[in-house]
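Just so we're clear, the structure is a prediction, and the values are computed from it rather than from any experiment. Below, chain A is the first sequence line, B the second, and so on; all start at residue 1.
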Amino acid sequence: MEAKGIKGFKDILPDDIKKWHFLEETAKEVFENAGYSEIRVPIMEFTEIFSRSIGEDTDIVEKEMYTFQDKSGRSITLRPEGTASIVRAYIEHGLHADPQPTRLYYLGPMFRYERPQAGRYRQFYQIGVEALGIDEPLLDAEVIMMLWHLFERLKLNYLELQLNSLGCKNCRPLYIKTLRNYLTDKLPLLCPDCKKRYEVNPLRVLDCKREQCINAVANVPGIFDSLCPSCKKHFDEVKGYLRELSIPFVVNQKIVRGLDYYTKTTFEVISEKLGAQNAVAAGGRYDGLVKDLGGPPTPGIGFAIGVERTISLFKNTPPEQKPLIFLASLGNSGQAFSMKLARQMRDAGIKVELGYGDSLKSQMRKADKSGTGYVLIIGDEEIKKGSAILRNMRTKSQENIPFGSVFETVTKRLRPEAQPEGLSDNI
RNA sequence: GUGAGCGUAGCUCAAUCGGCAGAGCACUGGACUGUGGCUCCAGUGGUUGAGGGUUCGAUCCCCUUCGCUCACCCCA
């Protein structure tokens, strides 16, 4: 047998994990400071949860879901996105009875059966936010502000916020009708895919990258002319708040989103530093979704951040936070003593690494690579003398420390080292 | 699902016209009996992705297959 993982499923090795922690911890702090609480939901749901919310005719539901039958014969699906599960939990546990909005965030793996490429995996991670129960444009702006604030905290530059409105249950069908009428003449000009989209979801034609289709829709009527007065007002107010907040955005009428549940405000944050898959975060309002999944009519808005894509923009690795003491020991009694000492120091919250290797030389080499500032050397000789050697790895100076005061001295020495370097700008 | 490019040591890559599979990094040890980085020396590490064909001889040419990567599609 060959040790080989599944296509599109990646290991995250220790060298990379600091970046993950940095993103996760920063996001957690930003969201919790805004009143959001973490929610953890299962990574599988009954298939209907996804097919009903995302939409039967979407690519995700049609061809990208990991779906199987469990032993009872029920159809189960590995979640391709987070919102549906969160909304299901919101309904199932009656969270609408809490003061609204209900503010939730989540993080974890999503699964889509697609051909992997740069920035696209079959198991990928999202950090997402949902705010349910309020339909005011102020909330749209706050959610977008929070997302933008997070990227600022991560020191990511070269990002662009794109904004659109897809209208509501009332005005979107009108626009689709207008669009389809317009496209009827152009039908022969469209690519085969778009001919299909014309039938199923004409909005997606706007999204097509083929030159023939871009030309065909060059003078297409925009959706803003079809928005009903309340959707138009909503969108104008969201834009107004964002200007007030000095959050730069561009309106892009072509962001359409591949999930059917979106209404009104949709947005996307893209980076020119990524490859073809350039969205690092995306989201929007979904005012009909709670009702569609069997709950009370409830508006909602949220976004999801692509973790791998965001991390790939990090230029430098966040520095190690915690100083370390390295114990190099020789001989049976030295090793036993070191082990006991390690236990005590760890119990007091100090990070302690034990050296392994026959010679002191090899342990010193490992100590050097561990990045420690100090090494405590304890061999059989030191046991006899009743004192340990504390070596400062930077200055190379050494001092003898009687066993009785080892703990105290190490604690003192480690403290001034506890100054992490500042994080410089990412890309 | 479609297309293109690439598979040689743990990693990054060489190998002339088809002629003994190599280097750097990393790892381990030594120079320095119990003291790291720098330097020097040595060692470990290979079914050249797999299978078949052509050939006296294949990492190299041909076929098949698997894998990886990028792009289309779609999306975070």
Sequence-distant partners of [X], side chain to side chain contact (heavy atoms under 4.5 Å, CB included), two or more places apart:
{"X": "A:E62", "value": "A:D57, A:D59"}
{"X": "A:A282", "value": "A:R257, A:E268"}
{"X": "A:S51", "value": "A:E48, A:E56, A:V61"}

**Q.** side chain to side chain donor-acceptor pair (under 3.5 Å) partners of residues 130-140 of chain A, not counting sequence neighbours, each pair once
**A.** A:T83-A:E130, A:E130-A:Y286, A:D140-A:H234, A:D140-A:T265, A:D140-A:R285
Q: Quick one: which residue pairs count as a side chain to side chain donor-acceptor pair (under 3.5 Å) with a foot in residues 31-47 of chain A, not counting sequence neighbours?
A: A:E32-A:Y105, A:E38-A:R40, A:E45-A:S85, A:E45-A:R88, A:T47-A:S75, A:T47-A:T77
**Q.** Which residues share a ring-ring contact (aromatic ring centres under 6.0 Å, His included) with A:F50, sequence neighbours left out
**A.** none
**Q.** For A:Y262, all residues meeting ring-ring contact (aromatic ring centres under 6.0 Å, His included), sequence neighbours excluded
**A.** none
Q. For nucleotides 27-36 of chain B, read 5' to 3', which letter fits each nucleotide if B means a protein heavy atom sits under 4.0 Å from the base, S means only the sugar-phosphate is that close, and - means neither?
A. SSS--B-BBB
Strictly under 3.5 Å: I want the nitrogen or oxygen pairs between protein and nucleotides 71-73 of chain B, one per line.
unit_1, atom_1, unit_2, atom_2, d
B:rA71, OP1, A:A276, N, 3.1
B:rA71, OP2, A:Q117, NE2, 3.0
B:rA71, OP2, A:A118, N, 3.4
B:rC72, N4, A:R120, NH2, 3.3
B:rC73, O3', A:R197, NH2, 2.8
B:rC73, N3, A:R120, NH1, 2.9
B:rC73, N4, A:Q117, OE1, 3.0
B:rC73, N4, A:R120, NH1, 2.7
B:rC73, N4, A:Q277, NE2, 3.0

**Q.** Most 5' of A:R122 and A:K7 on RNA chain B, judged by nearest nucleotide
**A.** A:K7
Collect all protein-nucleotide pairs involving nucleotides 6-8 of chain B in which both atoms are nitrogen or oxygen and the distance is under 3.5 Å.
none

Q) In whole Å, what separates the C1' atom of B:rA14 from that of B:rC70? A) 25 Å
(Q) By the 4.0 Å heavy-atom rule, please label A:Y121 as base, sugar-phosphate, or nothing. (A) base
(Q) Regarding A:K10, tell me which of base, sugar-phosphate or nothing describes its non-hydrogen contacts under 4.0 Å with the strands shown. (A) sugar-phosphate
Q | Per-nucleotide pairing state of RNA chain B [Watson-Crick or G-U, under 3.5 Å; [ ] pseudoknot-crossing; | other strand] | A | (((((((..((((.....[..)))).(((((.......))))).....(((((..]....))))))))))))....
Sequence neighbours excluded and cut-off under 3.5 Å, please list the side-chain donor-acceptor pairs for residues 354-369 of chain A, or say none.
unit_1, atom_1, unit_2, atom_2, d
A:S359, OG, A:S362, N, 3.1
A:S362, OG, A:S359, O, 3.1
A:Q363, OE1, A:S329, N, 3.1
A:Q363, NE2, A:S329, O, 2.8
A:Q363, NE2, A:G357, O, 3.3
A:K366, NZ, A:Y356, O, 2.8

